[in-house]
Amino acid sequence: MLEEDMEVAIKVVVVGNGAVGKSSMIQRYCKGIFTKDYKKTIGVDFLERQIQVNDEDVRLMLWDTAGQEEFDAITKAYYRGAQACVLAFSTTDRESFEAIPSWREKVVAEVGDIPTVLVQNKIDLLDESVIKNEEAESLAKKLKLRFYRTSVKEDLNVSEVFKYLADKYLQRLKQQTTEDPEILHTSSNKIGVFNTAGGSHSGQNSSSLNGGDVINLRPNRQRTKKSKIPFGSCSTL
């Protein structure tokens, strides 16, 4: 395949307690829509969007994971192969803020240190905030993470979150390939890749966990053949 026919595919997991706005964030970013109605995510949901970052064609595959403990075994399996992560909490939910270190540990345990951001959602409800600004900033500093305040409802800073993660991942990939040109052909989980040339599940093997499908990545190539989805559009599984 020619280089111009290739794109980078990045698996991004969005994690955090239930009702912090994870599903709404992904819907807003991929579909440009927002709904007030809360519907609990059962297991895992998935959307994708194709963008350009620093002249690179990038396919962001956004995995929305359930925040409830009863789905823990399932959702943790979907962390595997992730190349970037959003840790989200709500301005109006103290418990979701205090749970962030635990969510961080779960992700690191599965995939190691990957590009990650801390996101405080629902800043349109600052009048109802139960978290001080200094607390959130202190946590980000402690975890050594970039910190964003977002409002999915007002579409504030949502795009910036995912653009930052894509940029950080591309920087890491460039550094890795400079140090080891053969890295594109290794099987390292930290640079796992989706082969999107033959459809959403092409290049992946499926196994079953608790009756659900678990996607096992085949990270044999970092770049994948471009599809014909227009930039800025998205598709679902």
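The analysis underlying the following values was restricted to heavy atoms, covering all of them including side chains, and did not include hydrogens, waters or symmetry mates. For this chain, numbers begin at 1 and follow the sequence in order.
- Y169 has its side chain out of reach of V58: every pair of non-hydrogen atoms, C-beta onward, lies at least 4.5 Å apart.
- Salt-bridge check for K141 with E134: failed, with every basic side-chain N at 4.0 Å or more from each acidic carboxylate O.
- A donor-acceptor pair shorter than 3.5 Å cannot be found between the side chains of S90 and N121.
- Considering CG of L143 and CD of E105, their distance stands at 9.5 Å, rounded to 0.5 Å.
- Side-chain contact between R104 and T116: present, with at least one pair of heavy atoms (C-beta onward) separated by less than 4.5 Å.
- Ring orientation note: the planes of F147 and F89 are close to parallel, at an angle under 30° on the 30°/60° scale.
- Side-chain contact between V15 and V107 is present, with at least one heavy-atom pair separated by less than 4.5 Å.
- Between I10 and L165, the closest side-chain pair of non-hydrogen atoms is not below 4.5 Å.
- Tracing side-chain contacts under 4.5 Å through hydrophobic residues (I, L, V, M, F, W, Y), one never reaches F162 starting from I123; they form parts of separate clusters.
- For E95, the CD atom counts as loosely surrounded, since its 6.0 Å shell holds 12 or fewer non-hydrogen atoms of other residues, nucleotides or ligands.
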Verify side-chain contact (heavy atoms from CB on, under 4.5 Å) between N54 and K163, making sure each step is shown before the conclusion.
CA-CA 10 Å; N54 300 328; K163 182 178 179 181; over 6 Å; no
Should V130 and F97 be marked as a side-chain contact (heavy atoms from CB on, under 4.5 Å) after you check the CA-CA gap, both sets of side-chain angles, and the distance that decides it?
CA-CA 9 Å; V130 293; F97 172 70; over 6 Å; no
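- Side-chain contact between M25 and T150: present, with at least one pair of heavy atoms (C-beta onward) separated by less than 4.5 Å.
- Residues Y29 and L47 are not in side-chain contact: their nearest non-hydrogen atoms beyond the backbone lie 4.5 Å or more apart.
- Using a 4.0 Å cut-off between a side-chain N of Lys or Arg and a carboxylate O of Asp or Glu, E135 and R94 qualify as a salt bridge.
- In this structure, the separation between CD on Q50 and CE on M61 is 9.5 Å, given to the nearest 0.5 Å.
- Side-chain polar atoms of E137 and N133 form no donor-acceptor pair below 3.5 angstrom.
- Remark: I100 CD1 to Q120 CD distance equals 10.0 Å, nearest 0.5 Å.
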Y79/W63 under side-chain contact (heavy atoms from CB on, under 4.5 Å): CA gap, chis, key distance, verdict:
CA-CA 9 Å; Y79 298 164; W63 295 71; over 6 Å; no
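- Between C85 and L87, the closest side-chain pair of non-hydrogen atoms falls below 4.5 Å.
- Side-chain heavy atoms closer than 4.5 Å link hydrophobic residues (I, L, V, M, F, W, Y) into clusters, and following such links, even through other members, never connects V86 to L156.
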Are Q52 and D57 close enough, and set up right, to give a side-chain hydrogen bond (donor to acceptor under 3.5 Å, both in side chains), and what steps lead you there?
CA-CA 5 Å; Q52 278 196 330; D57 295 340; 2.9 Å; yes
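- For the residue pair D124 and S151, a side-chain donor N or O sits within less than 3.5 Å of a side-chain acceptor on the partner.
- K106 and E110 are not joined by a salt bridge, as no carboxylate oxygen comes within less than 4.0 angstrom of a charged side-chain nitrogen.
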Before you tell me yes or no, could you show the steps for Y164 and V117 under side-chain contact (heavy atoms from CB on, under 4.5 Å), namely the whole-Å CA-CA distance, both residues' side-chain angles and the distance that decides it to 0.1 Å?
CA-CA 9 Å; Y164 169 78; V117 294; 3.2 Å; yes
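- Judged by distance alone, the side chain of D93 and the main-chain N or O of S96 form a donor-acceptor pair under 3.5 Å.
- Closest approach of N17 and K22 over heavy atoms only: O-NZ, 2.8 Å.
- Residues V111 and A82 approach most closely at CG1-N, 3.9 Å, considering heavy atoms.
- Going from atom CZ of R28 over to atom OG of S159 covers 9.5 Å, rounded to the nearest 0.5 Å.
- For I131 against T91, the heavy-atom pair with the smallest separation is CD1-O, 3.7 Å.
- Counting only N and O atoms by type, the side chains of T92 and E128 include no donor and acceptor under 3.5 Å apart.
- By the 4.5 Å heavy-atom criterion applied to side chains, K122 and K153 are not counted as neighbours.
- Connection of L125 to V20 is not established within any shared hydrophobic cluster, with ILVMFWY side chains joined at heavy-atom distances below 4.5 Å, either directly or through further cluster members.
- Note: K168 NZ to L173 CG = 13.5 Å, rounded to the nearest 0.5 Å.
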